[in-house]
Amino acid sequence: MSDNIKKIAILEGDGIGPEAMAEGIKVLKVIEARNDITFDLVHAPFGATAWFSHGSSFPEETKKLVDEADAVIKGPIGLSHEESKQIPVDEQPERGALLPMRARMNTYANYRPVFLPKALAHFSPLKPEIIGEGIDLIMVRELVGGVYFGKKERGVNAEGKRYVTEALEYDEDQIRNILVKAFDLAMTRKKVLHNIHKSNVLKSSVLWNEVLEEVKVDYPEVEVIHMLVDAAATHLCLNPTQFDVMVMENMFGDILSDQGGGILGSLGLMPSACIGPNSAYYEPSHGSAPDIAGKGIANPYSLIGSFAMMLEYSFDMKEESKNIWDAMQAVFAAGFSTSDLSKPGSGVTMLSTSEFGDKVVEYLEKNA
């Protein structure tokens with residue numbers, strides 16, 4: 001395709017995925033209309049619903065599309081516990097679709113921004129004095145190594161007892177790749193990097209820190225602050241504004257980034273970018289919420305934010321990416337909210353999923 005035509009794989013996913021995705025596409029159309037670019041949006045099945053419709057949670061047609069696309073937007077995946085039990089264990093969407101797609105695309109760098117300006121501090125469960133002038137940090141998580149991708153074995157031992165073994169595996173190249181991404185990002189921000197590890201217990205963290213010292217030589221301007229992962233969990237609640245860029249291995253990043261959603265008040269406020277050497281996919285951090293699917297009350301902020309991150313990281317449209325972020329913040333600042341963030345009677349006007357998207361579009365069109 002020519003430079004101004006970008007093929008985007010749209011994987012709506014499960015639950016609230018399709019309705020939230022529709023709002024992201026609505027916003028993307030505004031960007032397309034005022035720029036010299038065409039977004040070729042191609043939909044494909046992915047996740048639990050794909051298993052029921054195609055017999056695979058990651059069908060061959062979707063794999064082909066992912067290979068060809070300039071970027072991928074993925075909605076949340078997963079169904080209710082009872083529905084999920086109908087799917088074979090190895091085909092359940094996380095094992096059968098998500099992890100294989102990460103490995104296929106080698107999206108080893110996961111960026112999860114934790115952003116809450118002072119004006120929106122009321123969304124957070126933290127006290128205003130802790131939030132201060134606002135929270136603005138980004139977690140950089142290694143995404144294709146560690147215990148999630150290590151050797152796994154389950155069986156019955158000689159004593160007749162069930163056992164399971166899961167190995168935490170990294171090599172120095174995997175560690176170096178993610179650290180370089182984190183240092184590069186730190187150079188574009190405050191030049192402070194928090195290295196999150198558990199070297200007092202885990203040998204994987206000892207190697208991680210050794211490689212960090214080697215990479216650090218190339219970034220003399222970046223201040224590195226080492227912090228144990230359990231201490232980082234505490235400090236995220238007590239003093240989140242000390243952080244700017246945080247880098248960590250896969251499982252630490254999975255847990256701490258969800259905690260990041262907690263200090264914001266909702267995972268619905270956390271989009272993410274998953275970057276590989278040749279392509280990337282973007283997804284909300286929240287789940288598929290099958291209990292509210294189809295009710296039109298899901299907050300599309302995280303999926304719209306994922307489109308914004310795609311514009312920045314895949315297509316170098318940083319100004320338009322910022323315009324989308326500003327538009328979403330403006331909707332909240334104008335006294336609107338969605339039911340996952342606010343309760344009736346809290347002094348805000350409640351919006352449905354599509355109404356939130358409409359308000360974002362309205363702001364974008366006024367502030368071109």
Indicate the atoms forming the closest heavy-atom contact of [X] with [Y], along with that distance.
{"X": "C274", "Y": "T107", "value": "O-CG2, 3.4 Å"}
{"X": "C237", "Y": "I130", "value": "O-CG2, 3.7 Å"}
{"X": "M270", "Y": "G260", "value": "SD-C, 3.6 Å"}
{"X": "P240", "Y": "L126", "value": "CG-CD1, 4.0 Å"}
{"X": "N250", "Y": "L143", "value": "ND2-O, 3.2 Å"}
{"X": "A44", "Y": "T62", "value": "CB-OG1, 3.6 Å"}

ask   = Got a sec, which pairs hit salt bridge (Lys or Arg N to Asp or Glu O under 4.0 Å) with one end in residues 90-101, sequence neighbours left out?
value = none
message = Measuring only between side-chain heavy atoms, which start at C-beta, is P271 closer than 4.5 Å to P284?
response = no
About how many Å separate [atom2] of [Y] and [atom1] of [X], when rounded to the nearest 0.5 Å?
{"X": "L212", "Y": "S199", "atom1": "CG", "atom2": "OG", "answer": "11.0 Å"}
{"X": "L28", "Y": "L41", "atom1": "CG", "atom2": "CG", "answer": "6.0 Å"}
{"X": "D70", "Y": "M310", "atom1": "CG", "atom2": "CE", "answer": "10.0 Å"}
{"X": "M139", "Y": "H194", "atom1": "CE", "atom2": "NE2", "answer": "11.5 Å"}

With E133 via salt bridge (charged side-chain N to carboxylate O under 4.0 Å, His left out) - residues at least two apart = K118
Can any side-chain N or O of [X] pair as donor or acceptor with the backbone N or O of [Y] at less than 3.5 Å?
{"X": "E355", "Y": "S352", "result": "yes"}
{"X": "H54", "Y": "S56", "result": "no"}
{"X": "S272", "Y": "S285", "result": "no"}
{"X": "S314", "Y": "L311", "result": "no"}
{"X": "S57", "Y": "Q92", "result": "no"}
{"X": "D14", "Y": "P76", "result": "no"}
{"X": "E61", "Y": "K64", "result": "no"}
{"X": "E169", "Y": "D171", "result": "no"}
{"X": "N157", "Y": "E159", "result": "yes"}
{"X": "S124", "Y": "G265", "result": "no"}

Ring centers of F356, F332 separated by less than 6.0 Å = yes
message = Check for me whether the distance between the ring centres of Y313 and Y282 falls short of 6.0 Å.
response = no
request  = Can you label the angle between the F315 ring and the F39 ring as parallel, tilted or perpendicular, going by 30° and 60°?
outcome  = tilted
ask   = Is E319 atom CD crowded by more than 12 heavy atoms from other residues, nucleotides or ligands, each under 6.0 Å away?
value = no
task = Assess whether atom CG of N200 is packed by more than 12 heavy atoms of other residues, nucleotides or ligands within 6.0 Å.
result = yes
query = Does the side chain to side chain contact (heavy atoms under 4.5 Å, CB included) test come out yes or no for M248 and H197, once each step is laid out?
reply = CA-CA 7 Å; M248 61 206 77; H197 63 95; over 6 Å; no
What I want to find out is whether [X] reaches [Y] closely enough, with some N-O distance under 4.0 Å, to be called a salt bridge.
{"X": "E166", "Y": "K152", "value": "yes"}
{"X": "R189", "Y": "D136", "value": "yes"}
{"X": "E214", "Y": "R176", "value": "yes"}
{"X": "E320", "Y": "R34", "value": "yes"}

inquiry  = Is there a side chain to side chain contact (heavy atoms under 4.5 Å, CB included) between E142 and N177? Walk through the geometry before answering.
reply    = CA-CA 9 Å; E142 199 289 322; N177 287 342; over 6 Å; no
message = Checking Q329 against Y301 for the side chain to side chain donor-acceptor pair (under 3.5 Å) test, could you report, in this order, the C-alpha distance in whole Å, the side-chain angles of both residues, the deciding distance, and whether it holds?
response = CA-CA 10 Å; Q329 298 297 331; Y301 179 103; 2.8 Å; yes
query = Is it true that the side chains of D326 and Y363 contain a donor and an acceptor less than 3.5 Å apart?
reply = no
task = Please assess T241 against N239 for the test side chain to side chain donor-acceptor pair (under 3.5 Å), listing each intermediate value before the final yes or no.
result = CA-CA 6 Å; T241 60; N239 183 18; 3.3 Å; yes
task = Would you check, one step at a time, whether the test salt bridge (charged side-chain N to carboxylate O under 4.0 Å, His left out) holds for E68 with K7?
result = CA-CA 8 Å; E68 296 172 347; K7 187 173 187 176; 3.0 Å; yes
remark   = Per side chain to side chain contact (heavy atoms under 4.5 Å, CB included), Y281 is matched among L11, V66, I275, V72 by V72
inquiry  = Under 6.0 Å from the ring centre and within 45 degrees of the ring axis: does the NZ or CZ of K63 meet both conditions for the six-membered ring of F58?
reply    = yes
Side-chain atoms of residues 15-27: list all donor-acceptor pairs with protein atoms under 3.5 Å, sequence neighbours left out, distances to 0.1 Å.
from: E19; atom 1: OE1; to: G296; atom 2: N; distance (Å): 3.3
from: E19; atom 1: OE2; to: G294; atom 2: N; distance (Å): 2.7
from: E23; atom 1: OE1; to: K26; atom 2: NZ; distance (Å): 2.6
from: K26; atom 1: NZ; to: S354; atom 2: O; distance (Å): 3.4
from: K26; atom 1: NZ; to: D358; atom 2: OD1; distance (Å): 2.8

